[in-house]
Structures are given as C-alpha cells and as structure tokens.
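Written out below as structure tokens is the structure these notes cover.
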Amino acid sequence: MEKFMLIDGNSIIYRAFFAMQQPMTTSSGMHTNAVYGFTNMLLRLLEEEKPTHVMVAFDAGKITFRHSNYQDYKGGRQKTPPELSEQFPLLKDLLTAFGISHYQLEGYEADDIIGTLSLHAEQKGCEVIVISGDKDMLQLASEHVKIGLTRKGVSDIEAYGPAEVQERYGLTPAQIIDLKGLMGDASDNIPGIPGVGEKTALKLLHQYGTVEEVLEHTSELKGKMKEKIETHADDARMSKELATIFREVPFEATWDSMKYEGIQAATAVSALQKLEFKSILQRLDLSSAAPDGVLDHLDLDEAAGQQAEELAVTVIGEEEIAQLEAALPQIDVVHIESRGDNPHHASLVGIVLSAPDQYFFLTPETLKSEAAAPIRSWLADESIPKDGHDLHRADLVLFWDDIPFAGARFDIQIAAYLLDPTDSGQSLSVLAGRSGLPQLPEDETVFGKGARYKVPEADVLSLHLARKTATIRQLVPLQREQLEQNEMTSLFVDLEMPLSRILADMEKQGVAVNADELRALGKEFEGQINKLVTQIYELAGTAFNLNSPKQLGEILFERLGLPVDKKTKTGYSTSADVLEKLAPYHEVVQLILNYRQLAKLQSTYVEGLLKEIHPKSGKVHTYFRQTITATGRLSSQFPNLQNIPIRLEEGRKLRKVFVPSEQGWSMLAADYSQIELRVLAHISDDPRLKDAFLHDMDIHTKTAMDVFGVDREQVDSNMRRSAKAVNFGIVYGISDYGLSQNLDITRKEAAEFIAQYFDVFQGVRRYMDDIVTEAKKNGYVKTMLERRRYLPEIRSSNFNLRSFAERTAMNTPIQGTAADIIKLAMVHMDKALKDRKLNSRMLLQVHDELVFEVPADEMEEMKTLVPQVMKEALQLAVPLKADVSYGSNWYEAK
DNA sequence: GGATTCACG
DNA sequence: ACGTACGTGAATCCA
C-alpha cells in the first residue's frame, strides 16, 4: 500500500520558528532554529508514518490568485521576520540533501498544492497524511486523507479524519470553509462576520449547515447577531471563498519524483554538518546506512525518560481492585485529575492513589464501577488522612460524580499559597523544578491546551499522573518543614486546611436562585435599556456601539466636542468618574451613565447568573478560591457571588432572587462593622482610634471631629464624607494623590488632610512608618495569624514600584488580618453548627459578611449565635462588632 | 489576549 | 520629579 505524506512547509517552519524560544545560530551567525525544529519533526514523522512518497509544499511569490479577488488578503499578517526568511533556502537545501521533494508554484499557496496532490493521490487509491498547523486543512479530510495538525509547537501531531472533525466541531470536513466564512481568520486577514467567533459560528452551522443557508435564514435570528450577519453577508460569502482550498493546481512533478526510499546518508551528513546540527547527526545512526548509502531505518529513540526516575505504576482495572484494596492501608497520597476550569462542571480524567514507592492508576470508569466500592469508601472515610494537590477541587469534581471525598490532610497547593501567596498559581511542574525534584512535564504539554485538550493514551496518562503524584509525595515534607520555619504550621493546620473543607461544603450546598424573578428583572432592564439607547442615538445624532469605549469617546469628544479630562493608553477615557464631570455639559452624558449601569446589571448579573444555574440542582454553586489573593482573602468564581450589587437600589434588587432553598426558611446575613479600622486600631495601638471603638462611636464622624477639631454637632455631611475618604485612604496605604482623586480636591488640600489626620492619630502614623521599615528589613509583612506577603519591590530604586510596595506593606497586614478573622469565624461557626446539631447552613462569605439559610425554628438561636461567634473569633484590643439581619431573601437580610 | 469598564469588600 | 489609592471577577471590544 502506498502512503503519501504531504507537508505544509510554510506552516510548519513558522510554527517551528515561534516554538523555539532561544535563537540558534551556526558559528558563522546563520539562524537555524526553525530548520532545526522542522528537521526534528520530519525525522520523527518519517519514522512513525513510514510513507512511500513525501512532498513538502511551499507558498510561492507574494501575489496569489486570492489577492486578485481580495486585496487585503493576508494584509493583517506581520511581516516575516528576517531571521526566519533566511531559513527557507536552508530548509530547501536540506530537503534536497535528504532526498525529499519539495515544490512551489507561482500564484498558489502550499494549501492549494497539497489540496491538489491529496486529491490525485486519493483518486489512485493511496493513503494520504497531510501535516500542517493550519486548521483550514481539515476541509481536505476524507476516508483516505488524514490531516495531522501540530499541537503545542511542532512536538506533537494530532490526526484528524472525518470522524475526528465531526467529534471536534460537529461538522463535516466540507463545512470547515463555512466555519471560516462565518468566523474569519485573523492570521490570514479573512474578515468573516465581526463579532462571530467559533462558538457562534458552530451554533449557526449546526442549525443551517452552510454559510448560504445561514444567510438565507437571517429572518429567524434576532438582536445584534442578526444585524451583524445581515450587514456582513458579503464578507461571509467572500471569506468562505478565500478559505476554500483550490484543488486544480496545474502540476508538473511526477509521482516517481516524490518517492521516498530513505534518507541519502552521504549528502544528508554534509548538509547537517553545514548546519551544525550535532545532536541530529548523533541521533541518526549513520553506521546503519545500507551499502547504497541510504538510511532506511531511523533510530530516533530520544533521550527522554532518563531524567525522571522510572515509577512503578500499576494500572488498576476491575480485576485488579483486590490488589489495590490490599494496599489501601499504606496509601496516603491521592491525585485526582480533572478537566475544565469550573470544578462544578469538570470531568474526571484519572485517579492515582499512592503508597510509598507505589502508584495505582484508575480510570474514572473503574473508580465508578461496582467492584471499586471499597476504594470509594476509602476515599469517603474522613478518618483516613490524604495528601494531595488542590483537594478542594478534587472534592467538588468527585461530588458531582456522586463519589464522596473526605480526609484531606496536607494540600500542597494551599501550603504553596501560604509560603508565597503572590506566587501560588504555579504548576506542580514549576514547584518540582524549584525544589530540585525530578522534572515533570507541564500539563499543557501532555494534554494540550484549550480546544486542543486531549486525554492521551492510558500508558502516557497513567505515567504522567503518577509522576505528578510522586512530586506531591516529595513536596509534602519539604513544605511541612518550611511552614514550620515560618511559624505558619498553625495557620495551615488549624485554619486553612479546615476551611478548605468548609468552603467545599458551602459550594456543594449552593444558593437557590429564583430564576423566574430574575428573568422578570431582566425584562424590566431590557425595556429601560432600549429606551435609553434610542434617546442616546437621537441626542448623539447617530447610532453607534454604546459598548465600545472607543466609539463612545469619538462621539463625546469629537462629534459633541466635550472637554477631554483623562486619557487612557488607547484613547479617551470614558469611565464613570469622567462622565460624571461631563454631565453638566450635555444631557446625553447622564443617559449614557444610566445605560452603562443597566447594561452591566443585564449582562453580568441577569444573563450571567442565569447561565450559572446548575442543571442538576437548580442553584448557583460558586467556587471559592483559597489560593488566589495576595492578602489572604477568598475569591469567588463561576459566578462571582462576592460582587452582587448593593450600593445602588436598581442593582440591589438583584439580591431578591437569592432565596432559601427550603420552604419556610430564611436568609440570614451578618457583617462585621468597620473590621479593617478596628484591626488598624489594634495593630497600631493608637489611643484615639482605640478609644473611638471602645465607645462604639461612628468612626467617620469621630475622625471628622478629631481632624477638624470640632464638636459632634459641627460635623456636616461634607466633613464626614472627607473623613470617611481619609479613613479608606489610611487603610489602603495613603497618598495625597490618591485622596485628591477620590475627593476631587487638589493634591495640596489632600496632603493637608493627611497631615492633620496623622497629627491626631500619631499611633497610626508610627505604624505606617514602622511597617514600611519592617518590610524593607525583612522583605515581607505579616498578618496577626502569621500570614506572609513578600514585597521584593520595596527595595526598588524605581519610585513607582517602591511606592506601590510601601502602600501594600501598609494595607496587607490590615486587609489580611481582617481576612484571618473572618476565616477563623467560619471555622468556629462550622463547629458550632455541628456541636449544636443545627440544620442552618453557611452559604456565602463576602469578605466581611457571612450569609446563611436558616430554618424558622433555629432563627432565634442563630440571630445571637452568628454575631457572637464572629465577635469572638479573635481577641483584639478593641471589640469586634457584627450586625445581623434576616428576611425571606438576601435583599431583605439587610 | 490585552485593555477598559464596573460590580463588590 | 516621579504619577497610584488596597484586594478581587466578568463582560465587552478590538487588534
């Protein structure tokens, strides 16, 4: 059987060039990195695919037939860097030396040559494999034509036949050009329809099949999409044409000239020597050359696998479960691999359980099988301690697969976060490298990223996951020691690890959302938005994209000639504070502000929240992240439930849709009052600040009295507002400039305020000075519970960097200690609910607030218990205060 | 994918 | 003189 390998020379050499970060030159200074990458891939493909015929196709000339139809074709493309262009002749020479044919034809692209040849070859019953990095090629896939697309540079090839195209896109190969027609291709400057990306394009094609059919049925579409598609119908048709590979190139080379019979050793060696490719020369076992000087057998066994120590991985199928069961008593490290950012929607990929020197791999199917029941009970057993990486996530992923998980003891992701919260997004691979452990490939290398993610074969997968597990196993004692040295063991063991489990419980519980009411709110907003849009277009004298700051800026500052106050990197600033100043000049400005507000509520909260209602529970399940923030706070994703509107009434209404999940229950919310300023009073030991809280005074009024030297009765609303801004500024690490911006006063006035403040609150001034000094000395600052944040830039000679670090040094102990306190309260609250056998559930944390759902018969108890636990979370030199409220929904609990 | 804007504490 | 308030996440535009 003949097998024809067609390589898209341009595409591959480009990818090879950009995949190799380091420049690589011969001793004479000739760049060779792209040729090197290409050659490595070529040799591997020759060995793996064993083709009988090979051809490398290149683009020729600058003008192709496509340009005569569309002048801008490839217009957006960056000019080829000279370091790359000079490598084309080198590559062609090398191919010739190897005895591999290459071809180009004036007026055509490599795509067209490959399209034509693959068609010819297929018609004569030959198997074809096309190698390219360009997804356009997928249109050529057929029963006998496979498309090998490069993944991750050029190191990996993924083969697509029609079935794989179907699986990946839900399209036939012929529909790939329709896909391009709709979504375009920025790299070729194919326009497509603006605003239509892959997702929208696929949705349309799944419904209508082709570009033409989509255009035929625009009447069935609605909204902006309809508008866009109708106005850009011609672009779509033209884009489809541009994306279509031409398969009738007049071709002269003969079938025999493309025959591949092994590498011509003699010429290959001298060419490789010229390029100084020593490692390739070594790898090609030249002694195996046949008498005729042809290398028909390439020995390319790479040196890989030598660095990483060989692990004993046992793949556990249903038959081997007994073997695993016997080892369970020794197992203390688990790794749960999952796919997807949102753990509530992620899928299990594989599981490794490990005892010292032993690694057992299970597929998700095996873990879910009846035979694996003992393994599942082991996972669920809270009394069996388990170490791992991101066990919080593992818990959630398993939960949605109905596999309970408990007993997390040492989570190395949390440990890494505590050891350096600003450097915690690090992969296991990076952590391994830094600790001098054996190399671990990045997940991206093994799985591919984004749309190219693909679970590899079982042997590759099990080995990779076992290596990750081995890394975890080795990191645990190292981190334990470092935590101990930093006196953070208690923070880790008594606070963060218990909290991790509590957060997972809260997330699994979820918050019930009244979807009908949310949709009704959406209707209201929609009506108001439509009205505003009409009015704004009328006042502006033209329609434009209100969501585009660029277009809005042009309207306001050029068409309407309003004064420019602030600029951004890219143009005029149109942010709310700028617009507010412009409001008196033109009535359209206020309408725009109103539009912005409503559009935000609609897109982020109404539409965004509706999308997040989980199909299995009908609730929203946020994902609290414990290892993100630099200060120790939590963050919340998918959806973010820590930024639900409250400040303005229109938005605040959204809180009405957050309701108890059971009949007759209520929502209860309790929030700390002025926790950060109380923490500051404690840390700074400032007598006046402490005194204010000891007497539970209105802190902003009291600040105004002290700073302005007046009686309570003389404090007007403006003075209180200024004092409040100063208090905020103090917490943030004050600067006159920042305060002046916030209060819209001059810098000088702001500086005077600050000076007066520090005159009165001298303890605060001393704290600010001391903490900056301490940070400079140690390189880090700490919270009351020994949480650290490193501030290397505090020693910078760059004013900006240093100032930023100084403000951070002032703010982090305050914000971070407040975070410590509410985390403590959560741990204590969880225990109190259990001890008292209450059914009330903790649902949310919003930095200084905890939200619960509470059955009617527990309300009395909870009303006092929650604020009490919060107040007593940590003993300070001033009392903590927590206000509690409740109602039939989150809005009413105010 | 970066920049802008805006929701929260 | 320098030119930013501290900490987040999501939607949208646009190159």
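Side-chain atoms are counted along with the backbone in the values below, which use heavy atoms only and exclude waters and symmetry mates. Below, chain A is the first sequence line, B the second, and so on; all start at residue 1. Quick caveat, the model's predicted, so the values are computed rather than measured.
A salt bridge links Arg787(A) with Glu496(A): the closest approach of a Lys/Arg side-chain nitrogen to an acidic carboxylate oxygen falls below 4.0 angstrom. Using a cut-off of 4.0 Å between Lys/Arg side-chain N and Asp/Glu carboxylate O, Glu676(A) and Arg633(A) are scored as salt-bridged.
Side-chain N/O atoms of Arg747(A) include none lying less than 4.0 angstrom from OP1 or OP2 on dT4(C). An OP1 or OP2 oxygen of dG7(C) is reached within less than 4.0 angstrom by no side-chain nitrogen or oxygen of Thr629(A). Using a 4.0 Å cut-off, no side-chain N or O of Arg807(A) falls inside it from OP1 or OP2 of dA5(C). Listed pair Ser803(A) / dC2(C) fails the phosphate criterion, with no side-chain N or O lying under 4.0 Å from OP1 or OP2. Phosphate proximity of dC6(C) to Arg633(A): absent, as no side-chain N or O sits under 4.0 Å from OP1 or OP2. Phosphate contact (OP1/OP2 of dG9(C), side-chain N/O of Asn643(A), threshold under 4.0 Å): absent. Taking side-chain N and O atoms only, Gln551(A) has a distance below 4.0 Å to OP1 or OP2 of dC14(C). Neither OP1 nor OP2 of dC8(B) sits under 4.0 Å from any side-chain N or O of Gln642(A). The phosphate of dG9(C) (OP1 or OP2) has a side-chain N or O of Ser635(A) nearer than 4.0 angstrom.
Contact of Lys550(A) with dC13(C) (side chain to base): no donor-acceptor pair of N or O atoms is detected under 3.5 Å. If you check distances only, the side chain of Arg647(A) does reach the base of dG9(B) with a donor-acceptor pair under 3.5 Å. If you check distances only, the side chain of Ser735(A) does reach the base of dT4(C) with a donor-acceptor pair under 3.5 Å.
Between Ala723(A) and Ala704(A), the shortest heavy-atom distance links the atoms CB-N, 3.6 Å.
Counting non-hydrogen atoms under 4.0 angstrom, Ile628(A) reaches the backbone sugars and phosphates but no base. As judged by a 4.0 angstrom heavy-atom cut-off over every strand, Ala599(A) is placed among residues making no nucleic acid contact. Lys600(A) comes within 4.0 angstrom of a nucleotide base, judged by non-hydrogen atoms across all strands.
Outside the 6.0 Å centre-distance limit, the rings of Tyr672(A) and His847(A) are not counted as a close aromatic pair.
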